[in-house]
Amino acid sequence: MVEIDVQIPTAFDPFAEANDSGAPGAKEYVHIRIQQRNGKKSLTTVQGLRKEFSYEKILKDLKKEFCCNGNVVQDKELGKVIQLQGDQRKNVSQFLISAGLVKKDQIKIHGF
């Protein structure tokens, strides 16, 4: 009888070392989403900003700039998330770029 040496493949992630390094593909994104509430009402959420930023100061400037209400929510999985009333996705992305908080290629806009 012939003995066969069989190797069972294990879970291999080819991008594991890329996520650990400071490679260009391993950048952190800022996600700007819209959530539909009841009727025409909507909510814009911003997540993924760096932790060293003061979320309260950013929120204060966003509220003053766009004449809307908002707050900062602490989430277990996502960390701090900024919530704004209304569809402010394009406004928030332009504000973050003009303020120099993030680069244009680090922003992902979701929804509709």
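Positions are given from 1 along the sequence.
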* Asked: Once you round to the nearest 0.5 Å, how far does OG1 of T45 lie from CG of L78?
  -> 8.5 Å

* **Pair I82-L49, side chain to side chain contact (heavy atoms under 4.5 Å, CB included): steps then yes or no** => CA-CA 9 Å; I82 296 177; L49 291 171; 4.0 Å; yes

* Asked: What distance do L43 atom CG and Q88 atom CD have between them, rounded to the nearest 0.5 Å?
  -> 10.5 Å

* To do: For residues F53 and I58, report the shortest heavy-atom separation together with the two atoms involved.
  => CB-CD1, 3.8 Å

* **Nearest-0.5 Å distance that lies between atom NZ in K90 and atom CD1 in I109** => 7.5 Å

* Structure fact -> So CZ of R89 and OG1 of T44: to nearest 0.5 Å the spacing works out to 7.0 Å

* May I ask whether V92 and L101 are part of the same hydrophobic cluster, defined by side-chain heavy atoms of I, L, V, M, F, W, Y residues being less than 4.5 angstrom apart, directly or through others? => yes

* Tell me, do Q47 and R33 make a side-chain contact under 4.5 Å, heavy atoms counted? -> yes

* Nearest heavy-atom neighbours spanning I107 and S93 -> CD1-O, 3.8 Å

* Please check if atom CD in E52 has more than 12 non-hydrogen atoms from other residues, nucleotides or ligands closer than 6.0 Å. => yes

* Do L84 and L59 come within less than 4.5 Å of each other through their side chains, counting heavy atoms only? -> yes

* To do: Verify side chain to side chain contact (heavy atoms under 4.5 Å, CB included) between E56 and K80, making sure each step is shown before the conclusion.
  => CA-CA 10 Å; E56 286 75 22; K80 288 188 176 181; 4.1 Å; yes

* Pairwise side-chain contact, E65 with N91, heavy-atom cut-off 4.5 Å (strictly under) -> no

* **Shared hydrophobic cluster for I32 and I97 (ILVMFWY, side-chain gaps under 4.5 Å)** => yes

* If two hydrophobic side chains count as joined below 4.5 Å and joins carry through other members, does V102 share a cluster with Y55? -> yes

* Interatomic spacing from CD in Q83 to CG in L62 - rounded to 0.5 Å -> 13.0 Å

* To do: Please answer whether the main-chain N or O of K41 pairs with a side-chain N or O of Q36 as donor and acceptor at a distance below 3.5 Å.
  => yes

